[in-house]
Every structure is written in structure tokens, then in C-alpha cells.
Amino acid sequence: MVISSANTQSFVKLIEYLNCDGIDSERLLISTDISWNIYENLLKYLGNSPYFKVIYNQGNLQVMSPSSRHEIYKKMLGMLVENYCLETGIRFYPLGSTTLKSQDKLKGIEPDQCYCIGSKKRIPDLAIEVVITSGGIQTLEIYQGLGVSEVWFWQNGELQVFCLQNSEYLQKNNSQLLPNLDLDLLVSYLDWDDPFDAIWDFKERRKKEEERRKK
């Protein structure tokens with residue numbers, strides 16, 4: 001749904017409508033000509049609600065109600081990355097869906113998952129996005145403005161990696177932050193029915209491959 005400029009109260013009513021019937025499907029609410037003040041008021045109203053994801057880019061605002069499918073992929077990607085870091089001794093700081101924003105650049109976003117690698121930072125090094133429904137605000141431009149080093153997109157059964165170099169994102173085959181992580185192996189577990197079995201098997205396969213390399 002796309003609407004013209006609105007005030008905070010009208011957005012609240014529309015958001016409540018989006019979540020009123022309990023249908024498990026993603027829905028997008030997009031509006032233009034929205035002030036920074038309305039965006040911040042909306043964030044305050046929603047608080048830390050897991051039912052809505054808010055994106056803002058220079059007057060364009062998007063509210064999404066994620067589906068369970070979206071949330072499953074999001075959690076699986078996060079668990080696999082965290083397991084890899086723990087097993088390989090890479091220090092990381094999970095920030096989840098922390099709101100990242102800059103009033104100077106009029107940009108704000110809530111990643112599906114994000115991490116600082118090595119040390120805590122104001123802006124995370126890695127952001128992960130699961131895209132189930134297309135047609136929304138282009139988030140890569142927002143991450144570029146905020147200075148996030150690396151962004152992963154899981155969409156249509158593929159993982160795309162974008163790395164920030166000289167203020168521009170370049171698509172890469174591998175992560176620059178986690179260069180030894182086998183991304184093909186990682187994504188092969190995303191559709192497993194049982195998360196416990198998936199994480200355990202991922203851990204064991206990596207261990208066997210590491211032992212094979214050392215021989």
C-alpha cells in the first residue's frame with residue numbers, strides 16, 4: 001500500500017489495520033513526504049515491537065509487518081553466523097534489529113540482524129536483510145549513507161554480499177569481514193526443518209573440513 005504524506009495519528013491507524021486480521025503474510029505500507037519528526041514519533045509509538053519494521057530514506061517511509069517465514073530465515077542466518085564466529089574465535093557483538101539512523105542524512109533502518117566484528121562500534125560492520133516481498137524502499141542506499149561495511153541480502157534462495165569500498169558498494173562472492181566462511185555451505189542449511197539439527201550439522205561439517213585441511 002502506498003499513501004501520500006500523513007501525520008503520526010493516521011499512520012498509527014493504518015499500522016493497526018495492517019496487523020488486525022492475523023494473516024501470516026508480509027505487508028508493506030509506504031508513504032512519501034514524511035518528515036523526520038513523524039518518523040521519530042512513529043518509532044517512539046512502536047517502541048521495540050517485533051511486529052513492525054520501519055525504514056526511512058529522505059522523506060520516504062516504509063512500515064513492514066514480517067511473516068513467520070521472514071523471521072525464520074532471519075533467525076537461522078543469525079544463528080549460523082554466530083555459531084561460526086564462536087567456533088572460530090571471532091569476537092562479535094550482536095545488535096539484532098537495533099534502529100540505525102542519521103538525522104543529518106535523513107536515513108534510518110532496522111536490520112534483520114547486524115553485528116559489530118572485533119569490537120563494539122556505533123554503526124555495525126555487518127547487516128543482514130531477508131527480502132521476501134519486493135517493491136519496497138531500496139535499503140542498500142540507506143546502509144551506504146550510514147557507513148555499514150558489509151550487507152548481506154537473502155532473496156529468492158540466493159545470498160548476495162555487498163562490501164563498501166571508497167563509499168560505494170561492490171558485490172562480492174565472499175564476505176570480506178568473514179573471509180573463511182563458506183557461504184554456500186551456510187545457506188544450504190536455511191531450509192532445514194529443524195534449527196537444532198541444522199546448526200549441529202553445520203558445526204560438525206565445518207569441524208571435519210578443518211581437520212581435513214590440517215592433514
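Count residues from 1 along the sequence. None of the values given here were measured: they were computed from a predicted structure.
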Note to self: Do I30 and I132 land in one hydrophobic cluster if side-chain heavy atoms of ILVMFWY residues count as linked below 4.5 Å?
What the structure shows: no
> Would you say L126 and Y73 are hydrophobically clustered, going by side-chain heavy atoms of ILVMFWY under 4.5 Å?
Replying inline: yes
Of the non-hydrogen atoms in [X] and [Y], which two are nearest, and what is the gap between them?
X    : Y    : answer
Y56  : I34  : OH-O, 2.6 Å
P66  : E71  : CB-OE2, 3.5 Å
Y39  : G108 : OH-CA, 3.3 Å
C116 : P124 : SG-CA, 3.8 Å
T99  : L43  : CG2-CD1, 4.0 Å
P111 : E129 : CA-OE2, 3.4 Å

Query raised in the report: Do K172 and E150 sit within salt-bridge range, that is, some charged N less than 4.0 Å from a carboxylate O?
Result: no
Exercise for the section: State plainly whether the residues K53 and D112 are in salt-bridge range, i.e. N to O under 4.0 Å. Expected result: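 Looking at K53 and D112, the cut-off is met.
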With a sphere of 6.0 Å drawn around [atom1] of [X], does it hold more than 12 non-hydrogen atoms of other residues, nucleotides or ligands?
X    : atom1 : answer
N173 : CG    : no
Q138 : CD    : no
E204 : CD    : yes

Pairs under 3.5 angstrom only: tabulate donor-acceptor contacts from the side chains of residues 84-95 to other protein residues two or more places apart or in another chain.
residue: Y84; atom: OH; partner: L181; partner atom: N; Å: 3.3
residue: T88; atom: OG1; partner: Y84; partner atom: O; Å: 2.6

Practice task
For R212, check side-chain contact (heavy atoms from CB on, under 4.5 Å) against everything at least two apart and list the hits.
Solution key: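 By the side-chain contact (heavy atoms from CB on, under 4.5 Å) rule, R212 matches K208, E209.
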key: Audit row: N57, L106, side-chain contact (heavy atoms from CB on, under 4.5 Å) steps and yes/no   = CA-CA 6 Å; N57 189 22; L106 296 176; over 6 Å; no
Quick one: are [X] and [Y] in side-chain contact, heavy atoms under 4.5 Å?
X    : Y    : result
D182 : N174 : no
L28  : Q62  : yes
L185 : R206 : yes
D33  : N60  : no

Rounded to the nearest 0.5 Å, what separation is found between the [atom1] atom of [X] and the [atom2] atom of [Y]?
X    : Y    : atom1 : atom2 : result
K203 : R205 : NZ    : CZ    : 16.0 Å
S65  : H70  : OG    : NE2   : 10.5 Å
E82  : L77  : CD    : CG    : 11.0 Å
N37  : L42  : CG    : CG    : 11.0 Å
I199 : W192 : CD1   : CH2   : 10.0 Å
M79  : L190 : CE    : CG    : 10.0 Å

Residues 139-148 vs salt bridge (Lys or Arg N to Asp or Glu O under 4.0 Å), sequence neighbours excluded, gives K107-E141
Is the backbone N or O of S167 less than 3.5 Å from a side-chain atom of Q144, with the two atoms forming a donor-acceptor pair by type? yes
Residue set satisfying side chain to side chain donor-acceptor pair (under 3.5 Å) with D125, at least two apart, ordered chain then number -> K121
Residues 194-215 vs ring pair (Phe, Tyr, Trp, His ring centres under 6.0 Å), sequence neighbours excluded, gives Y189-F202
Apart from Y143 itself, its cluster of hydrophobic side chains linked below 4.5 Å comprises I55, L100, I109, I123, V131, I137, L140, I142, L146, V148, V151, F153, F162, L164, Y169
